[in-house]
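Worksheet: the structure to be examined is printed underneath.
Worth saying up front: this structure is predicted, and the values here are computed from it rather than measured. Counting starts at 1 for both ligands and their atoms, in listed order.
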Amino acid sequence: MVGRVDGKVALVTGAASGIGRACAERLAAEGAKVVLTDLTDEAGAAAAADIVQRGGQASYLHQDVTDEGEWVQVIASVRETHGRLDILVNNAGIGLGGSVLDMSLADFRKQMAVNVEGVFLGVKHALPLMRQSGDGGSIINMSSVAGLKGAASLAGYCASKGAVRLFTKSVALECAAAGDKVRVNSVHPGIIETPIWDTIIGTGGPGSNAGPQRAASLDAMASVATPLGFKGDPADIADGVLWLASSESRYVTGAELVIDGGLSVR
Ligand code: NAD
């Protein structure tokens with residue numbers, strides 16, 4: 001059976017955990033050759049090995065998305081190994097919660113560096129290879145419901161995700177004007193259970209039992225805040241990313257795919 005992204009080459013950042021890992025798994029299961037990158041090498045390499053063990057095609061590279069030199073190296077490696085790039089999932093991100101009064105300038109800048117500069121660098125360095133491939137391509141930038149609406153105690157995170165939203169639309173217009181057939185869209189997850197919440201709601205403190213605490217906190221939060229009444233799973237986001245990566249969405253660019261159980265509707 002032919003997969004939905006058969007033969008395409010995909011690069012997924014922040015793929016060692018959570019949503020990025022689920023995206024890499026889903027794309028590989030549908031026939032893509034997936035390059036996973038992350039800061040955390042052990043988990044990243046294990047994620048790639050797991051995909052290979054299940055019959056998929058995957059490899060892992062170390063990458064800090066805030067480092068332009070590392071982007072140059074990663075894209076050179078993709079070019080050397082695969083000769084093309086069809087799908088870029090700019091997923092790596094961090095979430096720092098707390099009052100704007102308590103947030104240090106260093107932390108604000110760090111969050112902008114990963115969440116915004118990382119996406120900018122990804123587009124800047126991946127687009128030339130996508131264009132050379134000649135078949136167009138799909139760039140998927142991970143924003144958030146926090147890029148659509150404000151949230152108390154999340155001002156810095158919202159600023160970063162709002163920037164991703166309009167950066168995406170602007171690059172989509174630039175690509176369309178160039179006629180390069182590269183589509184550029186943003187994805188806006190709601191409450192999805194992953195470790196990112198430990199630094200947003202404080203479930204990851206020293207001596208904490210992060211996993212169960214996080215699960216219980218997110219269950220409680222989602223039951224109140226989300227019209228559907230429950231939290232999402234990374235696979236819910238990966239399904240949307242797969243659709244944007246495939247030619248099924250060939251007429252979609254500059255769009256916001258909101259996957260949030262209705263959270264942002266009210
Ligand atoms: P996660 O913490 O499970 O995964 C994030 C991954 O990014 C980690 O593997 C981490 O090592 C990596 N990373 C962090 N900084 C990096 C850097 N400088 N360079 C390379 N990799 C780096 O969190 P997640 O929930 O899977 O987050 C994935 C994306 O989804 C993020 O952009 C996040 O903002 C977004 N998002 C998540 C939710 C949610 O509810 N989980 C909601 C909306 C948006």
Nearest 0.5 angstrom please: Arg21 CZ to Arg26 CZ, how far? 15.5 Å

Return the OG to CG distance between Ser186 and Leu257, rounded to the nearest 0.5 Å. 8.5 Å

[X] to ligand 1: N or O pair under 3.5 Å?
{"X": "Val65", "answer": "yes"}
{"X": "Thr66", "answer": "no"}
{"X": "Ile19", "answer": "yes"}
{"X": "Ser144", "answer": "no"}

Thr40 and Asp38: side-chain donor and acceptor closer than 3.5 Å? yes

Pair Thr203, Gln213: side-chain N/O donor-acceptor within cut-off below 3.5 Å: no

The residue among Val119, Thr66, Thr13 that forms side-chain contact (heavy atoms from CB on, under 4.5 Å) with Val114 is Thr66

Test side-chain contact (heavy atoms from CB on, under 4.5 Å) applied to Leu244 and Val252, Val89, Val184, the passing residue: Val252

For Lys124, is the NZ atom crowded, meaning more than 12 foreign heavy atoms sit under 6.0 Å from it? no

Would you check if the side chain of [X] reaches a backbone N or O of [Y] as a donor-acceptor pair within less than 3.5 Å?
{"X": "Thr194", "Y": "Ile196", "result": "yes"}
{"X": "Asn91", "Y": "Gly14", "result": "yes"}
{"X": "Glu30", "Y": "Arg4", "result": "yes"}

Please report which non-hydrogen protein atom sits nearest to [atom], along with the residue it belongs to and the distance in Å to one decimal place.
{"atom": "atom 5 (C) of ligand 1", "answer": "Gly93 O, 3.8 Å"}
{"atom": "atom 41 (N) of ligand 1", "answer": "Ile192 O, 3.0 Å"}
{"atom": "atom 36 (N) of ligand 1", "answer": "Tyr157 OH, 3.6 Å"}
{"atom": "atom 35 (C) of ligand 1", "answer": "Met142 CG, 3.8 Å"}
{"atom": "atom 24 (P) of ligand 1", "answer": "Thr194 OG1, 3.3 Å"}
{"atom": "atom 1 (P) of ligand 1", "answer": "Ser17 OG, 3.6 Å"}
{"atom": "atom 27 (O) of ligand 1", "answer": "Ile196 CD1, 4.0 Å"}
{"atom": "atom 9 (O) of ligand 1", "answer": "Asp38 OD2, 2.6 Å"}

Of all the heavy atoms in [X], does at least one lie under 4.0 Å from an atom in ligand 1?
{"X": "Pro195", "answer": "yes"}
{"X": "Thr13", "answer": "no"}
{"X": "Lys231", "answer": "no"}
{"X": "Ser143", "answer": "yes"}
{"X": "Gly190", "answer": "yes"}

Name the atoms and distances for all side-chain donor-acceptor pairs under 3.5 Å in residues 96-112, with sequence neighbours left out.
unit_1	atom_1	unit_2	atom_2	d
Ser99	OG	Leu101	N	2.9
Ser104	OG	Asp107	N	3.0
Gln111	OE1	Leu96	N	2.7

Quick one: which ligand 1 atoms are inside 4.0 Å of a heavy atom on Asp64? 17 (C), 18 (N), 19 (N)

Would you mind listing which atoms of ligand 1 come within a distance below 4.0 Å of any non-hydrogen atom of Gly18? 3 (O), 26 (O)

Contact check, side chains of Pro234 and Ile192, non-hydrogen atoms, under 4.5 Å: yes

When you look for heavy atoms under 4.0 Å from ligand 1, do you find them on the side chain of Gln63, its backbone, both, or neither? backbone

